[in-house]
Amino acid sequence: MTCKSFITGIEGLALNADERAFLASEQPYGVILFARNIESPEQLSVLNADIKSLLKHPFASILIDQEGGRVARMKPPHWRAYPPAGKFAKLAKKDMERAERAVYLNARLIAAELRGVGITTDCAPLADVISVECHEIIGDRAFGKEPEQVARLARAQAQGLLDGGILPVLKHIPGHGRAMVDSHEALPVVKASLAELEACDFIPFRELADIPLGMTAHIIYEALDAERVATLSPTVIRFIRRIIGFDGLLMSDDLSMKALTGSYRIRAKETLEAGCDLVLHCNGKMDEMRDVAAASVTLGGDALARAERAASMLLAKAPASDSALFAEWEKLLAA
């Protein structure tokens, strides 16, 4: 069985009858989880097993945003509290190699926890280069202000996740670090020149273009397309593919964010027509989910090949216990 080109959210701690029927009939690429879906390891494992039993295609994915710091859906007391990227950015100023190792171990530990409850994909690393004027929605989620440092630390995070058996998602391509408003609430417009963006913002994404999955930004980049938000712009998506060089499975950021307008059917349709492989819809509202599904297509062509490539990377990795990693992680972060 094949899958359709969207990722959906769900409402609560267990699937309701409508959600079960929806997943079984529509066969989305995957389901993304939030704090509203998580209570305990036992509950989460049962939920994820239930989701996977309904998704009959080979790419059945369960995604989560587990960056650390403010963006962590799985929290204490059941799971560790992981530091934000900003902590590693500060460590990198003192010792880059130590910071890279700490980031790698941090990701391996996160991966072990995700694998333990049946999650396949973490929406990380965030490779945005933070600017002085950036909205706080990025803030300490970023690995720093220097593109080379961001690229190295984001690479370490991606590799740690992969080595722990979890697929990473590179975000937010081509860069959220200059956005002066939160795209959850409004449409950011970046006025920087192409030369400025090339010299800074795009560098980490170029260097990480081999990561198997990526996520777009709901931002207008005037230097690339002054009319359309990146997610909906064929011009920007071509730039991501041909100039930045990203050839992984490309998903939109959440379609329910207020940076976008119009019906959900139109949002999903325009996202796919722009060149994204997958549309992401997170809030679990069934009427919106049905509209997104109606506009989605069966995964095929280049998108199918990218999904197969990503799946092969996941299957090639074995889960690892975190017992040998935790002590070193603690020591590196103690200084």
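This one's a predicted model, so the numbers in the text were calculated from it and none came from an experiment.
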Quiz item: With side chains defined as the heavy atoms from C-beta onward, is the minimum distance between Met74 and Leu114 less than 4.5 Å?
Solution: yes
Quiz item: Pairs in or reaching into residues 259-268: which pass salt bridge (Lys or Arg N to Asp or Glu O under 4.0 Å), with residues at least two apart or in two chains?
Solution: Arg265-Asp291
Exercise. Check Asn37 against Gly12 and note the closest heavy-atom contact, atom names and distance.
Key: ND2-O, 2.8 Å
Exercise. Measure across Pro188 and Ala179 and return the closest heavy-atom pair with its distance rounded to 0.1 Å.
Key: CB-CB, 3.7 Å
Self-check item: Under 3.5 Å: donor-acceptor pair, side chain of Asp95, backbone of Glu97
Solution: yes
Exercise. Kindly write out the residues that satisfy salt bridge (Lys or Arg N to Asp or Glu O under 4.0 Å) with Glu11, not counting sequence neighbours, or none if the list is empty.
Key: none
Quiz item: Which residue pairs pass the salt bridge (Lys or Arg N to Asp or Glu O under 4.0 Å) test when at least one of the two sits in residues 60-70, sequence neighbours left out?
Solution: Asp65-Arg73, Asp65-Lys171, Glu67-Arg141, Glu67-Lys171, Arg70-Asp140
Exercise. Verify whether one side chain among Gln43 and Ser40 offers a donor that lies under 3.5 Å from an acceptor in the other.
Key: no
Quiz item: Any side-chain heavy atom of Asn48 sitting closer than 4.5 Å to one from Thr120?
Solution: no
Exercise. For Pro212, check side chain to side chain contact (heavy atoms under 4.5 Å, CB included) against everything at least two apart and list the hits.
Key: Leu167, Pro168, Ala310, Met313
Quiz item: Rounded to the nearest 0.5 Å, how far does CD1 of Ile32 lie from CG of Leu280?
Solution: 5.0 Å
Quiz item: Restricting to pairs with a member in residues 224-282, which pass ring pair (Phe, Tyr, Trp, His ring centres under 6.0 Å), not counting sequence neighbours?
Solution: Phe202-Phe239, Tyr264-His281
Quiz prompt | Met251 side, atom CE; Thr231 side, atom OG1 - distance, nearest 0.5 Å | solution = 12.0 Å
Practice problem: Mind listing the closest non-hydrogen atom pair of Asp122 and Ile166 along with its distance? | Solution: N-CG2, 3.5 Å
Exercise. Not counting sequence neighbours, list each pair that qualifies as a salt bridge (Lys or Arg N to Asp or Glu O under 4.0 Å) and has a residue in residues 75-86.
Key: Arg80-Glu113, Arg80-Asp322
Self-check item: Check against salt bridge (Lys or Arg N to Asp or Glu O under 4.0 Å), Glu146 and Arg152
Solution: CA-CA 10 Å; Glu146 296 79 30; Arg152 289 179 65 174; over 6 Å; no
Quiz item: Is the count of non-hydrogen atoms from other residues, nucleotides or ligands lying under 6.0 Å from Lys269 atom NZ greater than 12?
Solution: no
Self-check item: Beyond-backbone contact of Leu63 with Cys123, side-chain heavy atoms, under 4.5 angstrom
Solution: yes
Quiz prompt | Separation between CG of Leu278 and OG of Ser61, rounded to the nearest 0.5 Å | solution = 8.5 Å
Quiz item: For residues 296-312, which residue pairs qualify under salt bridge (Lys or Arg N to Asp or Glu O under 4.0 Å), counting only residues two or more places apart or in two chains?
Solution: Asp247-Arg306, Asp247-Arg309, Asp277-Arg306
Exercise. Under the side chain to side chain contact (heavy atoms under 4.5 Å, CB included) rule, what do Ile173 and Thr216 come out as? Steps first, then yes or no, please.
Key: CA-CA 5 Å; Ile173 310 173; Thr216 62; 5.6 Å; no
Quiz item: Are any non-hydrogen side-chain atoms of Gln27 and Thr2 less than 4.5 angstrom apart?
Solution: no
Self-check item: Residues forming a side chain to side chain contact (heavy atoms under 4.5 Å, CB included) with Ala127, sequence neighbours excluded
Solution: Val150, Ala154, Leu170, Pro204, Phe205, Leu208
Quiz item: Run the salt bridge (Lys or Arg N to Asp or Glu O under 4.0 Å) check on Glu198 and Arg206 step by step: do they pass?
Solution: CA-CA 10 Å; Glu198 291 272 12; Arg206 276 207 179 94; 2.6 Å; yes
Practice problem: Identify, with sequence neighbours excluded, every residue that meets side chain to side chain contact (heavy atoms under 4.5 Å, CB included) alongside Leu15. | Solution: Ile10, Glu19, Arg20, Leu23, Leu47, Asp50, Ile51, Leu54
Quiz item: By side chain to side chain donor-acceptor pair (under 3.5 Å), which residues pair with Glu148, not counting sequence neighbours?
Solution: none
Quiz item: Do you know which two heavy atoms are closest between Gly116 and Ser45, and how far apart they sit?
Solution: O-OG, 3.9 Å
Self-check item: Lys191: side chain to side chain contact (heavy atoms under 4.5 Å, CB included) partners, not counting sequence neighbours
Solution: Val189, Glu222
Quiz item: Taking the side chain as C-beta and beyond, is there a heavy-atom pair between Arg178 and Cys200 under 4.5 Å?
Solution: yes
Practice problem: State, to 0.1 Å, how close Met289 and Gly9 come at their nearest heavy-atom pair, and which atoms those are. | Solution: CE-O, 3.4 Å
Quiz item: Does any N or O in the side chain of Arg228 come within less than 3.5 Å of the main-chain N or O of Pro234, such that one atom is a donor and the other an acceptor?
Solution: no
Self-check item: Any side-chain heavy-atom pair of Ile237 and Cys276 under 4.5 Å
Solution: yes
Quiz item: Taking atom CD1 of Ile266 and atom OG1 of Thr261, what is their separation to the nearest 0.5 Å?
Solution: 9.0 Å
Quiz item: Is a side-chain donor or acceptor of His176 paired with a backbone partner of His218 at a separation under 3.5 angstrom?
Solution: no
Quiz item: Please walk me through it: do Leu126 and His172 pass side chain to side chain contact (heavy atoms under 4.5 Å, CB included)?
Solution: CA-CA 7 Å; Leu126 184 148; His172 304 84; 3.7 Å; yes
Exercise. Would you mind reporting whether Phe6 and Leu272 have side-chain heavy atoms less than 4.5 Å apart?
Key: no
Self-check item: ring pair (Phe, Tyr, Trp, His ring centres under 6.0 Å) pairs, two or more places apart, involving residues 60-105
Solution: Tyr82-Trp329
Self-check item: Polar side-chain atom of Asp254 near backbone of Cys282 as donor-acceptor pair, under 3.5 Å
Solution: yes
Exercise. Would you mind reporting whether Leu260 and Leu232 have side-chain heavy atoms less than 4.5 Å apart?
Key: yes
Practice problem: Heavy atoms only: give me the nearest Gly245-Ala209 pair and the separation to one decimal. | Solution: O-CB, 3.5 Å
